[in-house]
Amino acid sequence: ISGPEYSLLYRVEWPLKIGDEPYVEIAGIDKLTDAFKENGKLIIPEKINGYKVKSIRKFAFYGDKYIKNAILPDTISVIREGAFRCSDIVSVHLGKSIKEIEEDAFSTSHLLANINLPEGLEKIHDSVFKSCSSLKSITLPNTLTHLGRSVFDYCESLESIHIGSGLEDMQILAAFAYKCKNLSNITVSPFNKHFRTCGNALYDTDNNQLIRAFSGPQKVNLSIPSWVGDVTTCSFDSVSLKNLVIRTPSLPSISFADFKDIDDIYCISNSQVYSSLNSIGTFAIHPIKENNLNKFLESINDNIKDLNE
């Protein structure tokens with residue numbers, strides 16, 4: 001289909017299921033004018049030749065250097081693998097029918113700074129925003145149930161993430177939001193039954209697991225609640241801590257390999273953690289008597305309560 005500034009490549013898909021209507025999948029862009037190369041605004045129509053546009057084809061705009069702003073119609077329900085990967089796109093408006101964003105759809109699009117994720121979106125697969133180094137904030141809708149691996153890894157400008165009420169499946173390979181050095185705020189809907197934040201950390205309450213501590217560029221205090229039984233690999237990646245207080249009596253799989261910037265580690269003196277680990281790398285663990293814990297937390301201005309207190 002041709003417009004005044006560009007031509008869209010597409011194909012008509014014929015569903016196998018009897019009764020379903022054929023639809024259009026956008027396959028790319030062609031015949032760019034100088035005007036389009038200058039303004040870079042792509043507006044995809046709802047219909048082409050009478051058929052609804054329902055998807056963006058796999059790698060349709062891979063590596064594109066001219067599209068800066070894309071407006072997708074309300075008819076599109078899926079963006080397929082690598083559709084905008086390695087492109088120079090800056091902003092994307094998704095329509096209200098979007099249900100699924102497949103692997104690497106926007107990964108390594110270093111200029112991507114703005115994208116809306118509307119209510120109705122259900123699945124974001126692996127590495128969708130990986131290495132989108134201009135992205136500063138993201139809001140996951142309440143309808144989102146699945147978040148794949150490495151979705152926000154290497155988003156160096158990312159400062160805040162909001163998790164909606166519906167998220168129940170968060171796939172973690174080694175870390176959540178790995179190497180996001182400016183991540184200073186993660187919030188979770190109070191209606192989410194599986195995840196929540198407490199102090200400067202995100203927790204999986206189904207598995208009593210610390211997923212990700214966060215601080216941004218400034219040092220913070222963090223106390224691990226007594227009910228936590230596990231931490232994910234690289235939980236403390238890119239985190240700056242003044243004081244880490246380990247309040248849990250047992251933490252068998254804790255890993256401190258990514259501690260780069262921490263002043264002091266404290267631990268309850270009669271806990272299994274302290275008795276099994278007198279030091280972690282070059283960091284000494286300072287013991288705290290259990291009856292002095294609250295007083296110590298007050299001294300470092302830490303007013304975080306256990307989730308079950």
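Among all heavy-atom pairs drawn from D206 and H194, the shortest one is OD2-ND1, 2.6 Å.
C198 contributes atom SG, which lies 9.5 Å from atom CG of L210 (distance to the nearest 0.5 angstrom). How far CZ of R212 is from CD1 of I172: 10.5 Å, rounded to the nearest 0.5 Å. Interatomic distance, OG of S235 versus CG of L202, reported as 9.5 Å (0.5 Å rounding).
Taking the ring centroids of Y23 and Y51, they lie at or beyond the 6.0 Å cut-off.
Using the six-membered ring where Trp is involved, F129 and F152 have ring planes that are parallel, under 30° apart on the 30 and 60° scheme. Using cut-offs of 30° and 60° for the angle between ring planes, the Y154 and Y178 rings count as perpendicular.
Checked options V239, L241, V245; the residue passing with L222 is L241 (criterion: side-chain contact (heavy atoms from CB on, under 4.5 Å)).
Residues passing the side-chain contact (heavy atoms from CB on, under 4.5 Å) test with D64 are I29, F61, Y66, I67, S87, sequence neighbours excluded. The side-chain hydrogen bond (donor to acceptor under 3.5 Å, both in side chains) test applied to R80 returns E25, E102, not counting sequence neighbours.
In the hydrophobic cluster analysis, where Ile, Leu, Val, Met, Phe, Trp and Tyr join through side-chain heavy atoms closer than 4.5 angstrom, L72 is grouped apart from L111. Transitive grouping of hydrophobic side chains (ILVMFWY, heavy atoms separated by less than 4.5 Å) keeps V90 and F84 in distinct clusters. Under a hydrophobic-cluster definition in which Ile, Leu, Val, Met, Phe, Trp and Tyr are linked whenever side-chain heavy atoms come within less than 4.5 Å, directly or via other members, V78 and V53 are assigned to different clusters. I79 and F59 sit in two unconnected hydrophobic clusters of ILVMFWY residues. Membership requires side-chain heavy atoms under 4.5 Å apart, directly or through other members. Taken together through direct or relayed side-chain contacts under 4.5 Å among Ile, Leu, Val, Met, Phe, Trp and Tyr, L117 and F195 form part of one hydrophobic cluster.
Contact of the S107 side chain with the R85 side chain is registered, since non-hydrogen atoms from C-beta on lie closer than 4.5 Å. Counting only heavy atoms from C-beta outward, the side chains of S150 and D126 never approach each other to under 4.5 Å. For the pair L147 and D169, the minimum side-chain heavy-atom distance is 4.5 Å or more.
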message = Would E100 and K123 count as a salt bridge (charged side-chain N to carboxylate O under 4.0 Å, His left out) here? Give the steps.
response = CA-CA 5 Å; E100 186 174 5; K123 295 180 179 181; 5.3 Å; no

Residues D237, K179; criterion salt bridge (charged side-chain N to carboxylate O under 4.0 Å, His left out); working and verdict = CA-CA 7 Å; D237 164 69; K179 295 301 179 186; 3.4 Å; yes

task = Please report the C-alpha distance between C132 and L112 in whole Å, then the side-chain angles of each, then the deciding distance to 0.1 Å, and finally whether the side chain to side chain contact (heavy atoms under 4.5 Å, CB included) criterion is met.
result = CA-CA 6 Å; C132 289; L112 180 63; 4.1 Å; yes

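A donor-acceptor contact closer than 3.5 angstrom is absent between the side chains of E122 and H146. Side chains of S91 and N69: a donor-acceptor N/O pair is present below 3.5 angstrom, by distance only. For N208 and Y203, the side-chain atoms include no donor-acceptor pair closer than 3.5 Å.
Few gaps surround NZ on K219; more than 12 heavy atoms of other groups in view lie less than 6.0 Å from it.
The residues K65 and D88 are annotated as salt-bridged, a charged nitrogen and a carboxylate oxygen being separated by less than 4.0 angstrom.
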